[in-house]
Amino acid sequence: MTFPLLFSPLDVGVFVLPNRIVMGSMHTGLEEARDGFSRLAVFYAERAKGGAGLIVTGGVAPNRRGWLTPFSAKLTSESEMEKHRRITRAVREEGGRILLQILHAGRYGYHPFAVSPSALKSPISPFRPAALSASGIRHTIRDFADCAALAREAGYDGVEIMGSEGYLINQFTAPFTNRRTDEWGGSVENRARFPVEIIRAVRERVGDDFLIMYRLSMLDLVPEGSAWEEVVYQARAVREAGVNVINSGIGWHEARVPTIASMVPRGAYSWVTARMKAETSLPLVAANRINTPEKAEEILAAGEADLISMARPLLADPDLPFKARTGRSRLINTCIACNQACLDHIFEHKVASCLVNPAACREKEFEARPAAHPRKILVAGSGPAGMAAALTAARRGHQVTLCERGDTLGGQFRLAMQVPGKEEYAETIRYFDHALREAGVDIRTGVSADKTLLASTPWDAVVVATGVTPRRPDIPGLDHPMVMRYDELLAGTRQAGRSVAVIGAGGIGVDVATYLTAGPGDRQTYLATWGVDPHLTSPGGLREPAPPHPERQVWLLYRSRGKFGARLGKTTGWIHRLHLRRHQVETVGRVHYVRIDDQGLHAEVEGKPRLFPAESIVVCAGQESNAGLAAVAQSLGLECHVIGGAKRAGELDAQRAFEEGTRLGLQL
Ligand code: NAP
Ligand code: SF4
């Protein structure tokens, strides 16, 4: 498939973009890391080289009060400006264009200097902000303009002014957080005055030949958010103030509606941008969960937007635009919207990377050099670790054979794609399937690596990536026909009844409970389930979520004392918890499993007997390593490397597996 619209140029008033792909703003954590700007230069240059039409940096504060966290990135001085030159030079050398995003965190600032229009604490920062005085507001406007002038001096092609996701500007525009009674609060004109004055001041400082993009909160998704007519008013006002392009902002960080996680359908919010198309002639950027060129082209063809923002998809694959333009989209390493290595890392104050592309933000460290001496390598097991090792080694010139006991690639990763909301995981397997073949890997499915295979060929090295075996807990009655393992359920070889006890409430237990309770994942159902108003008639775009009608009674059980779901992802755990609560899944801790019989699961909960009268029991009690092949390889005197779940089953996760495989592939 070619993408004629995606690769058509667009005049954005100041210059002509070569295509419609905007790499959206994403904080990487490199902004604050040692040597971070050199790494950022490489990071953005890779994305420019890969063909992104326009890049937007992560948010940079215009003053200290606008910090996200203490000492996070700001641009207020010549010395800070000098560091940015490295980025702009590197991007320009690759023929790209880049905007600096100016972001004032307002009450989302995680520090005691935070400010906001009113002194209302946000639920995501422990610090109550100070209400800005009128002179403080004027100062802040000047700081935005100074920051934009420094951005211009640093060589940026423009700025994006962050007016959405609940940050300071958005705190002014929404009645939810703006309780002022002066000229900066109250009427829509007064609430929009802050962004309008910022844009005017910026335009005055930077001149007409510098792009100003404004990220407009089209849908706040918080109570007392802006009404649609007010959003339209803001769009017109910022246009008059000097904006060239409007980007779509969807949902505040504190909103209780998932807007970018994997259970959000692809392009779930392009209809909002489309509504705005009818209201303004400015070029509009559609955003949120647009992760393939096919979806992007579809949105452009429907006339819903002029540009497409892809942030995480370009973290996952910097060459996405190039591959799409050259008809090789099957080789795109698609972002699966898991948030595990990008957003979760940022919330844990770590540098971001990508689960499916461990090289992201560590480009130099993961640079692949051709192998000095091509070797004959056997990789046993095609889960994430095995696939990554085989691909990396083959790309370096090694002769790689990948054998897989099952009929298809993917190992346990394949099970994840059966879970509603995780369908994207199939894309990773599609990518590896094509990429491994293109790299010349000899893929042998239906083949178990055993002594005969190891002895059959003079292998230079054997990689044991044989994964894990589900743990079989020691519970009397576990052989009862109502009991099944999670892999049997998810693979579809066993079916669950109408009442199910799930033993183990780790990541897989939660996935299984979701599998047992979730309904269809189309856009309409998603909007209804999470309470998004498709008619935009209510302020903030919220309505009462549709009550789910769970078809099953599910108990999710665990032995430990801790709070349920404590180890779930920082940015997705709340979604899982909310989903399970709404679907009346009962989570029960401090369970001691006593026995299983025809009545169900007998247990003691906090010392008291309790029967879970389940028709089915699904065991999700973790895994054990499956590394027997290593001993065989060693007995034959072969060089042997054990990776992924085979090396360590505890806390196995795909992120570690992809990274270990890739690192080994670089070393072999
Ligand atoms: P896990 O997270 O380690 O959970 C295993 C569960 O089994 C725990 O609830 C444990 O808790 C219980 N358990 C352990 N031994 C048991 C025994 N002998 N008898 C009964 N219960 C026992 O492992 P997992 O759920 O299998 O997941 C594997 C890996 O994949 C994890 O690292 C997980 O984070 C990752 N994963 C992540 C996601 C995600 O969405 N991010 C999704 C799926 C999997 P108690 O001891 O309290 O009972
Ligand atoms: Fe996408 Fe997950 Fe990679 Fe983040 S970590 S870019 S969500 S695949």
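First listed ligand is number 1; within each ligand, the first listed atom is number 1. Values below: all heavy atoms of this structure, side chains included; hydrogens, waters and symmetry mates excluded.
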Heavy atoms of other groups near R405 CZ, more than 12 under 6.0 Å | no

F322, CZ: over 12 other non-hydrogen atoms inside 6.0 angstrom =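 Atom CZ in F322 is not crowded, with 12 or fewer foreign heavy atoms closer than 6.0 Å.
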
Considering only heavy atoms of [X], which atoms of ligand 1 have at least one such atom less than 4.0 Å away?
{"X": "Y558", "answer": "47 (O), 48 (O)"}
{"X": "K422", "answer": "38 (C), 39 (C), 40 (O), 42 (C)"}
{"X": "G622", "answer": "5 (C), 7 (O), 23 (O), 26 (O)"}
{"X": "C620", "answer": "5 (C), 6 (C), 7 (O)"}

Among all protein heavy atoms in this structure, tell me which lies nearest to [atom], with the distance rounded to 0.1 Å.
{"atom": "atom 8 (S) of ligand 2", "answer": "I336 N, 3.4 Å"}
{"atom": "atom 2 (Fe) of ligand 2", "answer": "C338 SG, 2.4 Å"}
{"atom": "atom 5 (S) of ligand 2", "answer": "L355 N, 3.2 Å"}
{"atom": "atom 3 (Fe) of ligand 2", "answer": "C354 SG, 2.4 Å"}
{"atom": "atom 7 (S) of ligand 2", "answer": "N339 N, 3.1 Å"}

Where does the angle between the aromatic ring planes of Y108 and H253 fall among parallel (under 30°), tilted (30 to 60°) and perpendicular (over 60°)?
-> tilted

2.8 Å cut-off met by an N, O or S atom of C342 to atom 3 (Fe) of ligand 2 |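 It does not: C342 brings no N, O or S atom closer than 2.8 Å to atom 3 (Fe) of ligand 2.
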
Closest non-hydrogen contact found for K323 with I332 is CB-CG1, 3.8 Å

Going through the checks in order, is the salt bridge (Lys or Arg N to Asp or Glu O under 4.0 Å) test met by R656 and E659?
-> CA-CA 5 Å; R656 176 166 71 80; E659 178 161 343; over 6 Å; no

Side chain, backbone, both or neither: R472 near ligand 1, heavy atoms under 4.0 Å =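 It is neither part, as no heavy atom is under 4.0 Å.
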
Tell me which part of C338 gets within contact of ligand 1: side chain, backbone, both or neither, using heavy atoms under 4.0 Å.
->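 No part of C338 is near ligand 1 at this cut-off.
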
I'd like to know if the side chain of [X] pairs up with that of [Y] as donor and acceptor (distance under 3.5 Å, no hydrogens or angles considered).
{"X": "S25", "Y": "Q101", "value": "yes"}
{"X": "T572", "Y": "N339", "value": "no"}
{"X": "R430", "Y": "T334", "value": "yes"}
{"X": "R312", "Y": "N291", "value": "no"}
{"X": "H579", "Y": "T517", "value": "yes"}

Ring-ring centroid check H602 F612, cutoff 6.0 Å = no

Hey, is A505 one of the residues with a heavy atom under 4.0 angstrom from ligand 1?
-> yes

Mark up the atoms of ligand 2 that fall under 4.0 Å of a heavy atom belonging to [X], in ascending order.
{"X": "A341", "value": "5 (S)"}
{"X": "A337", "value": "1 (Fe), 7 (S)"}
{"X": "L315", "value": "6 (S)"}

Option whose closest heavy atom lies nearest to [atom], chosen from [options]:
{"atom": "atom 4 (O) of ligand 1", "options": "G589, G509, G506", "result": "G506"}
{"atom": "atom 24 (P) of ligand 1", "options": "I508, V619, L556", "result": "I508"}
{"atom": "atom 21 (N) of ligand 1", "options": "A621, G573, A416", "result": "A621"}
{"atom": "atom 17 (C) of ligand 1", "options": "Q623, R559, Q340", "result": "R559"}

Would you check if the side chain of R590 reaches a backbone N or O of G607 as a donor-acceptor pair within less than 3.5 Å?
->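 Looks like no, no N/O pair under 3.5 Å.
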
Main-chain N/O of K350 paired to E348 side chain as donor or acceptor, under 3.5 Å =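 Judged by distance alone, no pair lies under 3.5 Å.
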
Are any of the N/O atoms in [X] less than 3.5 Å from those in ligand 1?
{"X": "S560", "value": "yes"}
{"X": "R471", "value": "yes"}
{"X": "G507", "value": "yes"}
{"X": "Y593", "value": "no"}
{"X": "D511", "value": "no"}

Any N/O/S atom, backbone or side chain, of C335 lying under 2.8 Å from atom 1 (Fe) of ligand 2?
-> yes

Separation of E31 CD from H27 NE2 (nearest 0.5 Å) = 4.5 Å

Under the ring-ring contact (aromatic ring centres under 6.0 Å, His included) criterion, do F413 and F658 qualify, and how do the steps go?
-> CA-CA 11 Å; F413 198 74; F658 279 119; 5.6 Å; yes

